[in-house]
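Just so it is clear, the model here is predicted, and its values are computed rather than measured. Throughout, residue positions are numbered sequentially from 1 according to the sequence presented. Scope of the values below: all heavy atoms of this structure, side chains included, with no hydrogens, waters or symmetry mates.
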Amino acid sequence: FGMLPNAHGTAPGFAGLIQNALVVALPGPPAELEPMFLEQVIPLLSEKFGLNEQGPNQEELVATALLIPESRLEQALQEGSRGELEWGTRLAPDRIVFTLRGGRPQERERLLGDLEGQFSPVLIRRGDVSPALLLFRQLENRGLRIALAESCTGGLASKWITDQAGSSKIFWGCLVVYANEAKVSLLGVREEQLRRHGAVSPQVASELSRGLLERTPAEVGVAITGIAGPEGGGSKPVGTVWISARRREGPWSELCQGFHFLGNRDQIRRRSAVAGFLLAECLLEGRPFPDDV
């Protein structure tokens with residue numbers, strides 16, 4: 001079959017036959033791989049093997065859970081599965097991918113709808129999708145660029161965004177403002193706010209995102225400040241995180257929300273980055289973020 005053109009990036013794929021086996025190689029980034037698979041590989045499978053062009057196995061439904069503890073998700077899946085309906089999960093650093101199998105299609109759709117009702121459509125998504133890719137698509141569709149201010153995440157959110165092929169179209173850059181001096185000198189946070197409220201507070205998160213829009217040409221700014229551990233205590237235990245997402249224009253100018261994430265230092269940092277992506281997505285869509293995360 002030869003080369004497979006890539007309309008979503010620079011690296012092409014290729015496909016060929018080895019005896020009766022179809023061998024396909026595609027670029028790794030999901031933003032390139034997924035559309036190439038749907039647009040080019042499925043038609044090849046249909047042509048060669050007579051498979052249904054509607055896509056992968058129609059006897060299963062794949063979805064993604066974001067910021068939901070694995071134990072809570074598995075309990076909800078167990079309580080919601082009936083009859084022949086089965087489920088399985090796969091952990092990734094930024095999400096849980098779960099698959100509903102068996103039963104009738106209506107039963108799988110019913111369970112997915114129940115999970116959306118229980119956890120919110122912000123946290124349950126159809127398909128295997130990364131939160132960075134979800135935000136990437138929102139920004140790309142609107143022709144917007146984002147800048148990040150990261151404290152406790154230390155650049156992790158920026159790393160996940162730049163893992164997406166074509167991220168230069170939507171990503172201006174990141175300031176890792178770990179020390180209070182960096183917050184003041186680079187993004188204009190007032191020292192009074194730091195003394196009165198502390199670095200992990202809605203006031204400082206809000207000033208960080210405002211500073212991003214004042215000092216960069218990006219249309220969207222997201223600031224993440226939190227306590228990933230091991231130190232913390234009192235009114236701000238380990239896992240306390242404040243995130244502000246701000247945009248120059250739109251029905252809402254800012255969403256600022258506090259979180260308390262459980263887990264070790266790495267888990268808290270990863271969940272903070274995911275929460276930043278989802279909060280920015282909600283800001284762009286003009287919808288509220290779930291209160292009980």
Side-chain angles (χ1 to χ4, degrees), residues 30 60-82 85-101 108-135 150-154 156-157 159-160 163 200 202 205 222 224-245 255-282 287-293:
E60 66 179 31
L61 188 157
V62 177
T64 300
L66 303 168
L67 295 181
I68 301 172
E70 185 182 10
S71 58
R72 285 189 63 196
L73 176 64
E74 292 197 350
Q75 181 180 357
L77 288 167
Q78 186 173 14
E79 292 174 351
S81 60
R82 304 169 190 166
L85 194 58
E86 300 177 350
W87 52 269
T89 60
R90 174 174 60 82
L91 290 177
D94 57 349
R95 62 196 187 275
I96 303 175
V97 181
F98 62 95
T99 304
L100 308 180
R101 303 184 184 90
R108 298 191 290 274
E109 293 292 339
R110 184 267 312 162
L111 179 52
L112 182 63
D114 289 348
L115 293 172
E116 290 175 338
Q118 179 176 346
F119 294 111
S120 160
V122 174
L123 307 182
I124 297 290
R125 305 300 180 95
R126 185 182 297 271
D128 179 357
V129 288
S130 74
L133 180 59
L134 290 170
L135 179 58
E150 298 191 55
S151 184
C152 64
T153 47
L156 176 62
K159 188 267 182 189
W160 279 346
D163 283 344
V200 182
V222 174
I224 305 170
T225 179
I227 303 172
E231 298 177 353
S235 62
K236 297 179 181 179
V238 170
T240 303
V241 178
W242 279 93
I243 302 174
S244 171
L255 282 179
C256 187
Q257 186 146 333
F259 302 86
H260 181 68
F261 295 123
L262 301 177
N264 59 35
R265 180 178 175 83
D266 182 56
Q267 290 170 327
I268 291 168
R269 285 158 51 92
R270 287 189 277 113
R271 289 166 184 165
S272 298
V274 171
F277 297 148
L278 297 182
L279 197 68
E281 186 189 20
C282 286
R287 61 171 167 170
F289 193 89
D291 293 327
D292 58 347
V293 175

Notebook entry, point to check: Between the side chains of Glu150 and Thr153, is a donor N or O closer than 3.5 angstrom to an acceptor N or O?
Noted result: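 Side chains of Glu150 and Thr153: pair found under 3.5 Å.
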Notebook entry, point to check: Would you say the side-chain atoms of Glu79 and Gln75 include a donor-acceptor pair closer than 3.5 Å?
Noted result: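 Yes.
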Next item on the list: Apply the test side chain to side chain contact (heavy atoms under 4.5 Å, CB included) to residues Arg125 and Leu134: give CA-CA distance (whole Å), side-chain angles for both, the deciding distance (0.1 Å), then the verdict.
Entry: CA-CA 10 Å; Arg125 305 300 180 95; Leu134 290 170; 3.3 Å; yes
Are side-chain heavy atoms of [X] and [Y] found at a separation under 4.5 Å?
X      : Y      : answer
Glu70  : Thr89  : yes
Val238 : Pro230 : no
Leu123 : Leu278 : yes
Ser244 : Pro202 : no
Phe259 : Trp242 : no
Val62  : Arg126 : no
Ser151 : Ile224 : no
Arg108 : Arg101 : no

Under 3.5 Å: donor-acceptor pair, side chain of [X], backbone of [Y]:
X      : Y      : answer
Gln267 : Asn264 : yes
Lys236 : Ile227 : no
Arg271 : Ile68  : no

Minimum heavy-atom separation for [X] and [Y], please, with both atom names.
X      : Y      : result
Gly154 : Arg269 : N-NH1, 4.2 Å
Phe289 : Gln257 : CD2-NE2, 3.3 Å
Ala205 : Thr225 : CB-CG2, 4.0 Å
Phe119 : Ile124 : CB-CG1, 4.1 Å
Val222 : Ala245 : CG2-CB, 4.1 Å
Phe261 : Val293 : CE2-CG1, 4.3 Å

Notebook entry, point to check: Would Cys282 and Leu255 count as a side chain to side chain contact (heavy atoms under 4.5 Å, CB included) if you check the C-alpha gap in whole Å, the side-chain angles of each, and the deciding distance to 0.1 Å?
Noted result: CA-CA 8 Å; Cys282 286; Leu255 282 179; 3.9 Å; yes
Item checked: Sequence-distant partners of Glu86, salt bridge (Lys or Arg N to Asp or Glu O under 4.0 Å), two or more places apart ->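 Glu86 satisfies salt bridge (Lys or Arg N to Asp or Glu O under 4.0 Å) with no other residue.
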Next item on the list: Give, for atom CZ of Arg110 and atom CG of Leu100, the distance between the pair rounded to the nearest 0.5 Å.
Entry: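 So the CZ of Arg110 and the CG of Leu100 are separated by 9.0 Å.
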Next item on the list: Nearest 0.5 Å please: distance from the CG atom of Leu67 over to the OG atom of Ser120.
Entry: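 So the CG of Leu67 and the OG of Ser120 are separated by 10.5 Å.
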Next item on the list: Check the pair Leu112 / Phe98 against side chain to side chain contact (heavy atoms under 4.5 Å, CB included), numbers first and verdict last.
Entry: CA-CA 10 Å; Leu112 182 63; Phe98 62 95; 4.2 Å; yes
Item checked: Residues forming a side chain to side chain donor-acceptor pair (under 3.5 Å) with Arg95, sequence neighbours excluded ->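 Arg95 satisfies side chain to side chain donor-acceptor pair (under 3.5 Å) with Asp128 only.
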